[in-house]
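Whatever order the structure lists ligands and atoms in, that order sets their numbers, starting from 1. Just so you know, these numbers come straight off a predicted model, no measurement behind them.
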Amino acid sequence: MIYQGDSLCPLTWQEERLHLLDQRWLPHQQQIVVLATAAEVAQAIKDMVVRGAPAIGIAAAYGVVLAAQSAYAQAPPHWQTIITADLQKLAQARPTAVNLVWALQRMQTHFSTIVADPVPILLAEAHRIHQEDLAANHRMGELGADLLPAACRVLTHCNAGALATGGYGTALGVIRTAHRAGKLSQVYADETRPWLQGARLTAWELLQDNIPVTLLADNAAAALMQQQRIDWVIVGADRITARGDVANKIGTYGLAILARQHGVKLMVVAPTSTIDMNLMEGSAIVIEERSQAEVLTVNGQAIAPVGAQAWNPAFDVTPSHLVDVIVTEKGVVTQPNLERMTAIMRS
Ligand SMILES: CSC[C@H]1O[C@H](OP(=O)(O)O)[C@H](O)[C@@H]1O
C-alpha cells in the first residue's frame with residue numbers, strides 16, 4: 001500500500017476501508033492502520049498517524065465516505081442527519097490546515113443531490129480530491145523547479161513530501177523534479193523538532209528516491225546561511241491567507257527572517273486548496289498547540305527534569321513580505337499580495 005505506481009502514498013482506499021501508513025513509527029517501522037469509521041479517521045488526524053495539510057484533507061474526505069457508508073447501512077433515508085456528528089469530529093481534528101475544512105465542504109456539496117446510496121458518489125469525489133492533489137504536486141514540482149538555478153543548494157523544513165499529501169509532495173515535489181533535472185547540488189533538511197518530521201520523514205522519503213540529503217539540527221540553519229551555503233529555502237504550507245501570509249510548521253518564520261538577512265530566497269509550495277481567501281491577516285490563523293510531552297520527551301523518554309513546562313505551538317506565521325514566491329498548481333505568485341493572490345485564484 002505504501003507505493004502507488006512509483007509514488008509513495010500515505011493513504012489508500014481498499015475494500016471499503018481507509019488504509020493509512022502510520023507516520024508515527026517511520027522511519028524504522030512501516031505500520032499500516034485500517035480505519036472503518038469517521039471517528040477513527042478524526043482520531044488518526046489528531047494523533048498525526050496521517051499529517052500534512054493536503055493529506056489530512058484527503059483523509060477527511062475518505063472519512064466522510066466511511067461515515068455515509070455506516071449511516072446509510074443503518075437507516076438509509078436518514079444518513080445525512082446521522083453523519084452530522086461525524087463531520088464535526090473530522091472538522092475539529094486539527095485547526096490550522098485549511099485543507100481539512102476545504103475537503104469536507106467539497107464533499108458536502110454533493111449531499112443535496114444524492115437521492116439513494118451516497119457511497120458511490122462520495123467515494124468518487126474523495127478519489128477525485130486525492131488524484132487532483134497528486135496531479136497538482138507534479139505540476140507544482142515543474143513550476144517550482146523551473147525557478148531554481150543550476151547547481152542549486154536548497155534547505156527544506158518539516159515534511160512537505162508525499163507523506164504530507166496525496167503523493168509526490170509539495171516542497172519535496174519541487175525537490176524531486178529539480179533532482180531529476182540535475183539542478184540540485186545539495187539538499188539540507190531541518191530535523192524539525194519536536195515531532196522530527198524532517199529527520200524521520202523527509203530524510204526517509206528522499207533516500208527512498210536516492211536523493212542525497214544532509215540533516216541539520218534546527219539551530220544549524222542560521223550558520224549555514226551565514227556561510228552562504230544555501231540558495232533557496234523551500235517549504236510547504238498549512239494555510240495561506242488572501243494577502244499571502246503563510247502558516248507553516250513552527251520554525252518557518254525564523255527561516256524566513258534568516259533567509260531575508262542572508263540573501264536566500266524563500267519558496268512556499270502549496271495547492272490552492274491551502275489558500276484561505278476568507279482570511280486576510282496571518283495573525284487571525286488559529287495555531288494548533290500540541291501536548292507539552294512532545295517537547296519534554298523523545299520516543300517516550302524524558303529529556304527535561306520533572307516540573308519543566310513546555311510551549312508547543314505546531315505552526316507559526318510568515319508575513320507575505322518575507323515570501324519571495326508562492327508556487328501553486330495554477331501558477332507562480334511572486335512577492336505575494338492580495339491583488340496577486342486574487343488573480344491566481346481566479347485564473
Ligand atoms: C504539504 S503540507 C505539509 C505541512 O504540514 C506539516 O505540519 P504537520 O506535520 O504538523 O501536519 C508542516 O507544516 C508542513 O509544511
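- Within a 6.0 Å sphere centred on CD of Gln88, other residues, nucleotides and ligands contribute 12 heavy atoms or fewer.
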Are there any N/O pairs under 3.5 Å between ligand 1 and the protein, and if so, what are their distances?
| from | atom 1 | to | atom 2 | distance (Å) |
| --- | --- | --- | --- | --- |
| ligand 1 | 5 (O) | Asp238 | OD2 | 3.2 |
| ligand 1 | 9 (O) | Arg51 | NE | 2.9 |
| ligand 1 | 9 (O) | Arg51 | NH2 | 3.2 |
| ligand 1 | 9 (O) | Gln197 | NE2 | 2.9 |
| ligand 1 | 10 (O) | Arg94 | NH2 | 2.8 |
| ligand 1 | 10 (O) | Lys249 | NZ | 2.7 |
| ligand 1 | 11 (O) | Gly52 | N | 2.8 |
| ligand 1 | 11 (O) | Arg94 | NH1 | 2.9 |
| ligand 1 | 13 (O) | Asp238 | OD1 | 2.5 |
| ligand 1 | 13 (O) | Asn248 | OD1 | 3.2 |
| ligand 1 | 13 (O) | Lys249 | N | 3.1 |
| ligand 1 | 15 (O) | Asn248 | OD1 | 2.5 |

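- Partners of Ile121 according to the side-chain contact (heavy atoms from CB on, under 4.5 Å) rule, which considers only residues two or more places apart in sequence or in another chain, are His110, Ile114.
- In this structure, the side chain of Arg340 engages the main chain of Thr334 through a donor-acceptor pair within 3.5 Å.
- No side-chain donor-acceptor contact under 3.5 Å links Thr170 to the backbone of Gly236.
- When the salt bridge (charged side-chain N to carboxylate O under 4.0 Å, His left out) test is applied to Glu16, no partner is found at least two apart in sequence or on another chain.
- Looking at residues two or more places apart in sequence or on another chain, you find no ring-ring contact (aromatic ring centres under 6.0 Å, His included) involving Trp204.
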